[in-house]
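Below you'll find the structure, written out as structure tokens, and then a few comments.
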Amino acid sequence: MLKSRASPGGASATRSRSAWPSSAACRHQLGSSEMAQKSSLAVPCAVPVLVVCFLACVATGVELSVNNHAADFTLSTSSGTPISLSCLVQNSSQAEELLWYRGDGQVDLKDGNKVNISNICISPATETDNGVTFTCKLMRDQSIKVSVILDVQFPPNVTEDETVNVEESKDVTLTCNAKSNPQGQATWYKNDTILTLQQDRYQVYQTSEVFQLSITNVAKSDNGTYTCEVKSSLGTGRKNFHLIVEDKKAVFPMEAVIAAVVVVTLTVLFGIVARKDKIFKVRITKFPCTPTASSGGTQTPARDD
């Protein structure tokens with residue numbers, strides 16, 4: 001309808017004018033007014049029709065839908081399953097370009113996949129897609145949009161086994177990272193037997209993805225294989241910790257070490273002082289005296305004193 005009104009002539013313009021009041025009707029409404037007045041008032045007679053048409057177009061409004069959802073929604077699926085999202089423009093008689101976003105990053109679309117309808121495929125969906133938001137937006141007015149939050153479900157996924165060495169009487173913490181959706185629950189085992197948690201020695205801590213077992217004042221009896229088992233409705237994950245308790249290392253008090261260093265240093269200094277006469281003694285070498293001439297011309301032989 002807007003294109004028809006915008007056309008200056010032609011069939012479209014003819015059809016648009018046919019909806020306006022005729023000049024005879026205008027003359028009937030104006031009565032015996034002058035021709036100039038009739039000409040000036042003929043246009044206002046058509047204005048209400050245009051206004052009504054414009055308001056009708058605005059009232060409908062352009063909308064978007066994604067997979068037949070006109071509002072934001074959550075899409076649940078399993079890991080490994082492909083997901084198809086289709087964005088459709090509604091209530092528009094003109095070509096509308098669409099944009100897709102994954103989080104804050106724009107998705108590259110092919111030229112034939114942008115106008116009035118646009119499809120994207122996540123194949124397959126993985127655990128990294130869980131919680132990610134995909135949004136379809138109208139390019140000319142990006143406030144018009146629909147978002148989809150992915151709820152990708154997957155069984156517990158734990159990290160590889162570990163060997164942990166700890167010195168006797170020290171504390172140790174075993175950390176098990178396990179992602180899952182829905183969230184799993186952890187059980188700790190020692191040598192394939194459920195671990196009995198002693199309040200004074202064992203502490204358990206967990207979040208949605210991290211499960212920890214802390215042992216204080218480790219003893220030789222704590223040697224063994226500890227297993228973190230995370231279980232959800234979709235499966236089970238296990239991680240083993242091979243705990244090796246080493247002998248306690250002998251530790252010398254720092255005060256005693258410092259005292260020993262001081263004693264050794266002073267002993268060396270006193271030894272140097274006691275032998276200083278021998279170390280710094282100067283040996284005097286005697287040289288023969290040079291003969292000198294006497295007043296009578298005779299030489300006096302040199303003589304040792």
For [X] and [Y], test the side chains for any donor-to-acceptor distance below 3.5 angstrom and give the result as yes or no.
{"X": "N240", "Y": "T225", "result": "no"}
{"X": "S214", "Y": "T173", "result": "yes"}
{"X": "T135", "Y": "W100", "result": "no"}
{"X": "T187", "Y": "E229", "result": "no"}
{"X": "N181", "Y": "D151", "result": "yes"}

Find out if a path of hydrophobic residues (ILVMFWY) with successive side-chain heavy-atom gaps under 4.5 Å connects [X] to [Y].
{"X": "L99", "Y": "L109", "result": "no"}
{"X": "Y205", "Y": "L213", "result": "no"}
{"X": "V172", "Y": "I244", "result": "no"}
{"X": "L243", "Y": "W188", "result": "yes"}

Query raised in the report: Under the 6.0 Å and 45° cation-pi test, does K137 pair with Y101?
Result: yes

What pair of heavy atoms forms the shortest contact from [X] to [Y], and how long is it?
{"X": "G237", "Y": "P156", "answer": "N-CB, 4.0 Å"}
{"X": "Q142", "Y": "M139", "answer": "CG-O, 3.8 Å"}
{"X": "V158", "Y": "C176", "answer": "CG1-SG, 4.4 Å"}
{"X": "S180", "Y": "G184", "answer": "OG-N, 3.0 Å"}
{"X": "Q183", "Y": "S232", "answer": "O-CB, 4.3 Å"}
{"X": "A125", "Y": "V152", "answer": "CB-CG2, 4.2 Å"}

Quick check on [X]: does its [atom1] atom have over 12 non-hydrogen neighbours (other residues, nucleotides or ligands) under 6.0 Å away?
{"X": "D192", "atom1": "CG", "result": "no"}
{"X": "K145", "atom1": "NZ", "result": "no"}
{"X": "N165", "atom1": "CG", "result": "yes"}
{"X": "Q203", "atom1": "CD", "result": "no"}
{"X": "K110", "atom1": "NZ", "result": "no"}
{"X": "N191", "atom1": "CG", "result": "yes"}
{"X": "D200", "atom1": "CG", "result": "yes"}
{"X": "I194", "atom1": "CD1", "result": "no"}

Report task. Assess whether side-chain contact (heavy atoms from CB on, under 4.5 Å) is satisfied between L98 and N116, documenting all intermediate values. Result -> CA-CA 7 Å; L98 298 171; N116 289 343; 5.9 Å; no

Non-hydrogen side-chain atoms of [X] and [Y] separated by less than 4.5 Å:
{"X": "Q212", "Y": "V210", "result": "yes"}
{"X": "T265", "Y": "V262", "result": "no"}
{"X": "T175", "Y": "N177", "result": "yes"}
{"X": "I117", "Y": "S86", "result": "yes"}
{"X": "K190", "Y": "T227", "result": "no"}
{"X": "V164", "Y": "H242", "result": "no"}

If only atom types and distance count, is the side chain of [X] paired as donor or acceptor with the main-chain N or O of [Y] below 3.5 Å?
{"X": "D161", "Y": "K239", "answer": "no"}
{"X": "Q185", "Y": "V230", "answer": "no"}
{"X": "D72", "Y": "V146", "answer": "no"}
{"X": "S78", "Y": "T81", "answer": "no"}
{"X": "N91", "Y": "V62", "answer": "no"}
{"X": "D129", "Y": "T126", "answer": "yes"}
{"X": "D171", "Y": "N217", "answer": "yes"}
{"X": "N223", "Y": "V245", "answer": "yes"}
{"X": "S118", "Y": "N113", "answer": "yes"}

Would you compute the distance between atom [atom1] of [X] and atom [atom2] of [Y] and round it to the nearest 0.5 angstrom?
{"X": "I144", "Y": "L138", "atom1": "CD1", "atom2": "CG", "result": "5.0 Å"}
{"X": "F211", "Y": "L174", "atom1": "CZ", "atom2": "CG", "result": "14.5 Å"}
{"X": "L195", "Y": "Y226", "atom1": "CG", "atom2": "OH", "result": "6.5 Å"}
{"X": "R238", "Y": "K231", "atom1": "CZ", "atom2": "NZ", "result": "9.0 Å"}
{"X": "S221", "Y": "E168", "atom1": "OG", "atom2": "CD", "result": "9.0 Å"}
{"X": "S76", "Y": "L150", "atom1": "OG", "atom2": "CG", "result": "9.5 Å"}

Query raised in the report: Are R140 and E96 within salt-bridge range, i.e. N to O under 4.0 Å?
Result: yes

Report task. Inspect the contact between D222 and R201 and indicate whether a charged nitrogen and a carboxylate oxygen are less than 4.0 angstrom apart. Result -> yes

Query - Residue pair L75, I149: steps toward the side-chain contact (heavy atoms from CB on, under 4.5 Å) verdict - result: CA-CA 6 Å; L75 178 61; I149 301 175; over 6 Å; no

**Report entry** V204/L197 under side-chain contact (heavy atoms from CB on, under 4.5 Å): CA gap, chis, key distance, verdict
**Finding:** CA-CA 9 Å; V204 175; L197 301 179; 3.6 Å; yes

Report task. Could you go through the side-chain contact (heavy atoms from CB on, under 4.5 Å) check for E246 and V166 one step at a time? Result -> CA-CA 6 Å; E246 300 174 343; V166 62; over 6 Å; no

Query raised in the report: What pairs with H69 under ring pair (Phe, Tyr, Trp, His ring centres under 6.0 Å), at least two apart in sequence or on another chain?
Result: F73

